[in-house]
Amino acid sequence: MAADLVYLVAGLSLILAVVLPAVLQRAPVTSPMLLIGLGMLLGLTPLPDGLPLDPQDNRAAIEHVTELTVIVALMGVGLAIDRPLSLRRRASWSAWSPTWRLLGVAMPLSIAAVALLGWALGAAPAVALLLGAVLAPTDPVLASDVQVGGPSVTEDEEDAEAETESDEVRFALTSEAGLNDGLAFPFVYAAVLLAGGSAVDWGARWVAWELLGKVLIGVLAGIGVGTVLARVAFRSDHPALRVADRGEPLFALAALLTAYGLGEVAQGYGFLAVFACAMTIRAAERRHSYHRDMHEVVERLERLLTLFVLLVLGIALTRGLLGALDWRGVLVGVALVAVLRPAAAWLALAVRPAREEPGRLLPGERVATAFFGVRGVGSLYYLAYAGGEVEAFQDDWLWSSVGFTIVLSVVVHGALAGPVMRRLECRRAGDPAR
């Protein structure tokens, strides 16, 4: 019966993936909000006992499903970003300035703040640090309402350049989500090492290997795979190998799986490898329409996986996932969404580039960028992964607190994303009356 229910939920997810985008285009609710609500209603029905919803008994399944969902989303994000990143051009690095500040300042501050709050509320130091690391990454899966829409493939180079600079808020949030899912890994490992109690590992292994070595390996693996596959797809001497000319979008799925697999086999961070691979392929032929084809198929798969995960999450919410939730978990979730992330990101964005430099956020854009730190599927993955590494992290309170925070983020950020982004777009267009 449990396997049959999986087919039913998957079928419902596929139907909703087809119908919801058009139905909710102008509605005051988002797809994640509706899916979690529908899942909660399903959870209240007399479903059969023994469903595979307990995170402790089904940790491995949760880890792999959420892992696949995140890497598909990262590929889509990497293909969607129009703004180039050239290692040899200072102007290119400056254009990514909000991203570096969100990653280098806001993310560590958020982790430290949540960890300190959890520790003050009575959690063990390793558990508190894990909670901060798990809730640190902004989610590329659930943040579509505040991210860039897709790759621009206009043939006019000047129009393409103007398009890349048109929305600093969406670019900052998209690029942040693409990178910080991989950069949360070192802090998850820090919690694992802290739970093991080895001071030597902190200095030798964590800084040199987990924080620096694995990041570099993941990025290089992604660039390598992206470079080779882009050359094959766009410039191969053999016509049969130039898949871009045939418009075969499944090449994007092959690329993301190859990049992730190589990154992990090489002992690097696969999430970073996938994003770096997508960015490299995007840079190979920036105005080729094939990018739009690849992004479309990745986006469809991402939507299906996301809806499946959210339906199951909604069912779990009313079938015991929040059973261990107490006032401490509620306080952590509310504090992160309403205070800690916005304050950390606001401080990170305080130093603004000069008016003539790219990557400059206006005051209202700075507030919006700081506020929309959506939490979601990535947090579930990291929590499931950590539970497989350390038995102490198999804690019902952690699952209840993280589940509550995700739902709170989906509701608060989902309800405000549309109105806030429309207001910013009107200001940018010079029409404050709207």
Side-chain angles (χ1 to χ4, degrees), residues 32 62-63 66-78 81 98-115 118 129-144 146-147 172-192 210-211 214-215 218-219 222 260 263 268-276 278 302 305-306 309 313 332-333 336-337 340-342 344-345 348 369-387 393 398 401-403 405-410 413:
I62 295 171
E63 178 183 344
T66 53
E67 179 182 37
L68 178 61
T69 305
V70 171
I71 63 175
V72 170
L74 289 174
M75 189 70 184
V77 165
I81 293 178
T99 308
W100 309 137
R101 286 177 279 151
L102 288 171
L103 295 173
V105 179
M107 185 176 176
L109 283 178
S110 296
I111 293 174
V114 173
L129 178 57
L130 177 68
L131 186 63
V134 163
L135 293 175
T138 56
D139 200 75
V141 181
L142 302 183
S144 59
V146 293
Q147 291 181 352
L173 292 170
T174 303
S175 55
E176 179 197 15
L179 286 166
N180 69 4
D181 258 309
L183 294 176
F185 248 123
F187 300 96
V188 173
Y189 280 119
V192 172
E210 307 293 353
L211 185 61
K214 285 189 168 185
V215 169
V219 172
Y260 186 75
Y269 293 132
F271 286 172
L272 289 177
V274 172
F275 184 73
E302 174 196 340
L305 291 170
T306 302
V309 170
L313 175 62
V332 168
L336 175 64
V337 172
L340 300 182
R341 151 68 191 202
T369 304
F371 178 73
F372 285 112
V374 182
R375 268 60 192 174
V377 177
S379 297
L380 296 175
Y381 166 74
Y382 280 120
L383 187 55
Y385 175 86
F393 295 156
L398 278 172
S401 301
V402 171
T405 304
I406 292 172
V407 174
L408 179 66
S409 175
V410 167
H413 294 136

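Model, not experiment: these values are computed from the prediction.
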Between OG1 on residue Thr369 and CG on residue Leu102, distance to nearest 0.5 Å | 7.0 Å
Looking only at heavy atoms, the pair that brings Ile406 and Gly376 closest together is CD1-O, 3.3 Å
Any chance you could measure Leu109, atom CG, to Leu340, atom CG, to the nearest 0.5 Å?
-> 10.0 Å
Does the side chain of Leu179 come within less than 4.5 Å of Trp100's, by heavy atoms?
-> yes
Passes ring pair (Phe, Tyr, Trp, His ring centres under 6.0 Å), Tyr260 versus Phe275? Steps please.
-> CA-CA 9 Å; Tyr260 186 75; Phe275 184 73; over 10 Å; no
Of the options Thr138, Val134, Val402, Val410, which is the one that meets Arg375 in a side chain to side chain contact (heavy atoms under 4.5 Å, CB included)?
-> Thr138
Decide yes or no for Ser379 and Leu135: does some side-chain heavy atom of the first lie under 4.5 Å from some side-chain heavy atom of the second?
-> yes
Do you know which two heavy atoms are closest between Pro98 and Ala172, and how far apart they sit?
-> CB-CB, 4.0 Å
Tyr189-Tyr385 side chain donor-acceptor pair, cut-off 3.5 Å = yes
With side chains defined as the heavy atoms from C-beta onward, is the minimum distance between Leu336 and Arg341 less than 4.5 Å?
-> yes
Which pair of heavy atoms, one from Ser409 and one from Gly373, lies closest together, and at what distance?
-> OG-O, 4.3 Å
Kindly say whether Pro137 contributes a backbone atom to a donor-acceptor pair with the side chain of Asn180 at under 3.5 angstrom?
-> no
Considering all heavy atoms of both residues, which atom of Ile111 and which atom of Ala133 are nearest to each other, and what is their separation?
-> CG2-N, 4.1 Å
Does the side chain of Phe187 come within less than 4.5 Å of Glu210's, by heavy atoms?
-> no
Report yes if some heavy atom in the side chain of Leu173 is under 4.5 Å from a heavy atom in the side chain of Glu176; otherwise report no.
-> yes
Under 3.5 Å, side chain of His413 to main-chain N/O of Val146, donor-acceptor pair present?
-> no
Report yes if the side chains of Val337 and Leu408 come closer than 4.5 Å at any heavy-atom pair, otherwise no.
-> yes
With side chains defined as the heavy atoms from C-beta onward, is the minimum distance between Thr66 and Leu305 less than 4.5 Å?
-> no
Taken to the nearest 0.5 Å, the spacing of Tyr381 OH from Glu67 CD works out to 4.5 Å
Minimum-distance pair of heavy atoms, taken over all atoms of Val114 and Gly132 | CG1-CA, 3.6 Å
Measure from the side-chain N and O atoms of Thr306 to the backbone N and O of Glu302, and report whether any donor-acceptor pair falls under 3.5 Å.
-> yes
Taking the side chain as every heavy atom from C-beta outward, state whether Val215 and Leu211 have any pair of such atoms under 4.5 Å apart.
-> no
Straight-line distance of Leu130 CG to Leu383 CG, nearest 0.5 Å = 6.5 Å
Minimum-distance pair of heavy atoms, taken over all atoms of Ala273 and Gly263 = CB-CA, 4.2 Å
